[in-house]
Amino acid sequence: MDIKVNKKLGLKERYNLMTRDLAWTPTYQAFKDVYPYMQYEGIKIHDWDKFEDPFRMTMDAYWKYQAEKERKLYAIIDAFTQNNGHLGVTDARYINTLKLFLTGVSPLEYMAHRGFAHVGRAFPGAGPRVACLMQSLDEIRHAQTQIHSMSNYNKHYNGFQNWRHQHDRVWYLSVPKSFFDDAITAGPFEFMIAIGFAFEYVLTNLLFVPFISGAAYNGDMGAMAFGFSAQSDESRHMTLGLEIIKFILEQDPDNLPIVQHWIDKWFWRGYRVLTLVAMMMDYMLPKRVMSWKEAWEIYAEQNGGALFADLARYGVKAPAGLAQACKDKDHLSHQAWNVFYNYAAAAPFHTWAPSEADMKWLSEKYPDTFDKYYRPLWEHYAKEQKEGRRFYNTTLPMLCQTCQIPMFFTEPDDPTKVAYRESDYKGEKYHFCSDGCKNIFDHEPEKYIQSWLPVHQIYQGNCFCPDVDPSKPDFNPLAEVLRWYKITWGEDNLDYADSPDKKNFEQWRVQATGN
Amino acid sequence: MAVTAIGAYEFAPKDSVDKFPAPLLYVCWEDHKMFCSPFAVPFPPTLKFGDMCKGAFPGIFGAHPDFAKVDWDQTQWFKSGRPWRPDMDKTLAENGLGHKDVIRFRTPGLTGLSGSAF
Amino acid sequence: MSNVFIALQKNEETRCIINAIVADNPDAIINEQPAMVKIDVPNRMVIRKSTVEEEMGRDFDLQELHVYLITLTGHIDETDDEFVLSWTH
């Protein structure tokens, strides 16, 4: 027997052998029965073998590098926990960003895991299937490592304990939840453009990079570690998103209008979810890395500009809402933080009015807008609070039918006027915060008439515990909703100034720095 | 346009009027964004418009320092963005207000904290 | 002409990778941020295995980049010897 010694395979050969060459064409069953979801969205694919992962990552290499990432991550988390690392953060106000992240973002990581598993199964091409499989595994790793990392904070701080329960119920969490539910109930191609391209490629830098850099800057090694570990996977996800859109557009010219609509839709859906990040960056970090406006300019305007200049060769245009989003960058974070300041009683994290030093930073970063439009509001709140009248809004807000955010967004060219749009559909009125959200509704009204709008659900009586008796004279609907949310009054909610978190943190810091 | 779906795709609207204790009205006080968004409130259709302003609004808008200075006779009203003149002595239903209508009012001379529209 | 960029976690391994990028891309713009470094290069960036190995004094597999990557932009072309980001076709 001849023994043939093979030379070590190159990256390209290895990738071909370990992905495409392991795939097969079904013969026992009809192709369309094995891959039943490839036709109905109208996308035409002629040759799946034209897709190639430019990283040429194979499953064996994937396991190797992922194991390395996990080892690094858990070494840091253990060290952080053993050394009471939570006492090293700049200020306990910072910890509220983690509560926002755990309730709003980590459950989406899990949904992304499900979404990519589904899409990977639906695609007949071996290249995208393997890339989706890897991403699906990445996403569940992200969910797990985030939950694990933040469980350390749960031992010391309020507001972490009911994150999963709250994700399905609390008013502001319906925003990220409905965003992902919308994507995962779409077809496999739309899901890929929605999450793989629009979110991962165009917008995810704005979520993760400032958040993780912010964690590092504020002394939170735990969040920095899970953030970087997750982010090291994102480059692969972004690459899948970019390659898949190029692949779809190259396959058939008829795909362009369908893809363009999805880009417009999902840019806007994702941008609305990032509202939470804008206020996190400008208002919630005690030490700020950069303003939302600066991050927007770097990642959306410059980087997004380069991307869409490149995609123009396929006839793709920049997302319809991009111009408005660029106008909003001077206003978004200030308006958003006011919403959470208003409804601080109904959220499982604390809010506060910015200090004089915070406002100085804000006016330097927003010279055209902060002093003119927003400073009087925060000064008024501070004065009221000093006199014992911290403002809590107790009437429920009007929500946008599509993004489900309270209708606080202003007209693109007039920051003093709240924007209203409306549509009639089958005899019912629907209201929207923007042209972007109205257009999304008008395109698929049957989908969005099902929106589970938290405010409407409360009024319909669907947000109370089963033992509640509304006929009792002392029935307090808002308190009952909070009980259903599992928010503990005075511990999880209200202003940071009055919180046990603040009191405990200050006490522990004293203990940590002397006898 | 229709939803692209693998089968029949028809659903009842989640927020029809029959599901609420009373029709929902959306109300906003222009130039007072301290109240971060318009409000959603189920008001009985038999409620007199004037009673809503003078009876219910203090509990909703009273926290703003401008509220004590509001003159209801001078207030300018808008319905779905168009100028509109309600009759204070008539009920909401008689004023033609139905489920999920949106009304706004402007109070001339009162433009929020230091004129900031907040 | 648009920039391509790559962002890496800041540690001893990436210090060598960044030195290699600077050596092979004279137009590189280094931007140090908390715990990370972002490197922009007009239009095209190359990371060479041989240069990184010289900096590290050990063998280096370009796919090790995945452990330290934070984000990047541009079209990727990766072989055993080079990792290229560019906006050209």
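Values below: all heavy atoms of this structure, side chains included; hydrogens, waters and symmetry mates excluded. Proteins get letters first, then strands, A, B, ... in listed order; numbering begins at 1 in each. What you see is a predicted model; the values in this text were computed from it and never measured.
- Proximity to chain B is absent for every atom of Glu379(A), based on heavy atoms less than 4.5 angstrom apart.
- Heavy atoms closer than 4.5 Å to chain A are found in the side chain of Ala117(B), but not in its backbone.
- Of the listed residues (Val27(B), Asp31(B), Val41(B), Val17(B)), the greatest number of heavy-atom pairs within a distance under 4.5 Å of chain A belongs to Val41(B).
- Contact annotation for Val455(A): only side-chain heavy atoms (C-beta onward) come within less than 4.5 Å of a heavy atom of chain B.
- The candidate with the highest count of non-hydrogen atom pairs below 4.5 Å against chain A, out of Ala5(B), Gly112(B), Cys28(B), Gly59(B), is Ala5(B).
- Within the 4.5 angstrom heavy-atom criterion, only side-chain atoms of Tyr37(A), from C-beta onward, approach chain B.
- For a residue to count as touching a neighbouring chain, one of its non-hydrogen atoms must lie under 4.5 Å from one of that chain's; by this rule Ser80(B) touches chain A with backbone and side chain alike.
- For Glu422(A), the part lying near chain B is the side chain, with the backbone staying farther off; criterion is any non-hydrogen pair under 4.5 Å.
- In terms of heavy-atom pairs under 4.5 angstrom with chain A, the leader among Ala12(B), Pro42(B), Ala63(B) is Pro42(B).
- Glu94(B) CD: more than 12 foreign heavy atoms inside a 6.0 Å radius.
- One distance of note links CD of Gln401(A) with CZ of Phe432(A); it measures 6.0 Å at 0.5 Å rounding.
- Looking at Lys372(A) and Asp330(A), no side-chain N of the basic residue comes within less than 4.0 Å of a carboxylate O on the acidic one, giving no salt bridge.
- Taking the ring centroids of Phe189(A) and Trp262(A), they lie at or beyond the 6.0 Å cut-off.
- Residue His456(A) touches chain B through both its backbone and its side chain, counting heavy-atom pairs closer than 4.5 Å.
- Proximity to chain B (any heavy atom under 4.5 Å) is shown, for Asn338(A), by both the backbone and the side chain.
- For the pair Lys100(B) and Tyr430(A), the cation-pi test (distance below 6.0 Å, angle within 45°) is passed.
- Ranked by heavy-atom pairs under 4.5 Å with chain B, the list Lys429(A), Gln460(A), Met407(A) is led by Gln460(A).
- Looking at Phe391(A), the atoms closer than 4.5 Å to chain B (heavy atoms on both sides) all sit in the side chain, from C-beta outward.
- Between Asp66(B) and Lys69(B), at least one side-chain nitrogen of the basic residue sits less than 4.0 Å from a carboxylate oxygen of the acidic one, meeting the salt-bridge criterion.
- Neither the backbone nor the side chain of Ala22(B) comes within contact range of chain A, judged by heavy atoms closer than 4.5 Å.
- Nearest approach of Gln404(A) to Trp452(A), heavy atoms of both residues: OE1-O, 3.3 Å.
- Partner of Phe105(B) under the ring pair (Phe, Tyr, Trp, His ring centres under 6.0 Å) criterion, out of Trp84(B), Phe67(B), Trp72(B): Trp72(B) alone.
- Between chain B and the options Glu41(A), Gln457(A), His431(A), heavy-atom pairs under 4.5 Å are most frequent for His431(A).
- With a threshold of 4.5 angstrom between heavy atoms, Tyr420(A) approaches chain B through side-chain atoms but not through N, CA, C or O.
- For Pro415(A), the part sitting under 4.5 Å from any heavy atom of chain B is the backbone (N, CA, C, O) and nothing else.
- If you measure heavy-atom distances from Leu399(A) to chain B, you find no contacts under 4.5 Å at all.
- Between Lys417(A) and Glu411(A) there is no salt bridge, since no side-chain N of the basic residue sits under 4.0 Å from a carboxylate O of the acidic one.
- Within the 4.5 angstrom heavy-atom criterion, atoms from both the backbone and the side chain of Leu113(B) approach chain A.
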Tell me, with the steps shown, if Cys463(A) and Arg169(A) meet side chain to side chain contact (heavy atoms under 4.5 Å, CB included). CA-CA 8 Å; Cys463(A) 302; Arg169(A) 291 168 179 78; over 6 Å; no

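- Ion pair Lys426(A)/Glu446(A) flagged as a salt bridge, since at least one NZ, NE, NH1 or NH2 atom sits closer than 4.0 Å to an Asp/Glu carboxylate oxygen.
- Taking a 6.0 Å sphere around CD of Glu387(A), one finds it holds more than 12 heavy atoms contributed by other residues, nucleotides or ligands.
- None of Tyr374(A), Phe408(A), Trp352(A), Phe370(A) except one satisfies the ring pair (Phe, Tyr, Trp, His ring centres under 6.0 Å) rule with Trp337(A); the exception is Trp352(A).
- For chain B, no part of Phe409(A) is nearby; none of its heavy atoms comes within less than 4.5 Å.
- Leu110(B) has its side chain within reach of His32(B): a pair of non-hydrogen atoms, C-beta onward, lies under 4.5 Å apart.
- Contact of Gln450(A) with chain B is made through backbone and side chain together, with heavy-atom distances under 4.5 Å.
- Within the 4.5 angstrom heavy-atom criterion, only side-chain atoms of Tyr381(A), from C-beta onward, approach chain B.
- For Thr185(A), no part lies under 4.5 angstrom from a heavy atom of chain B.
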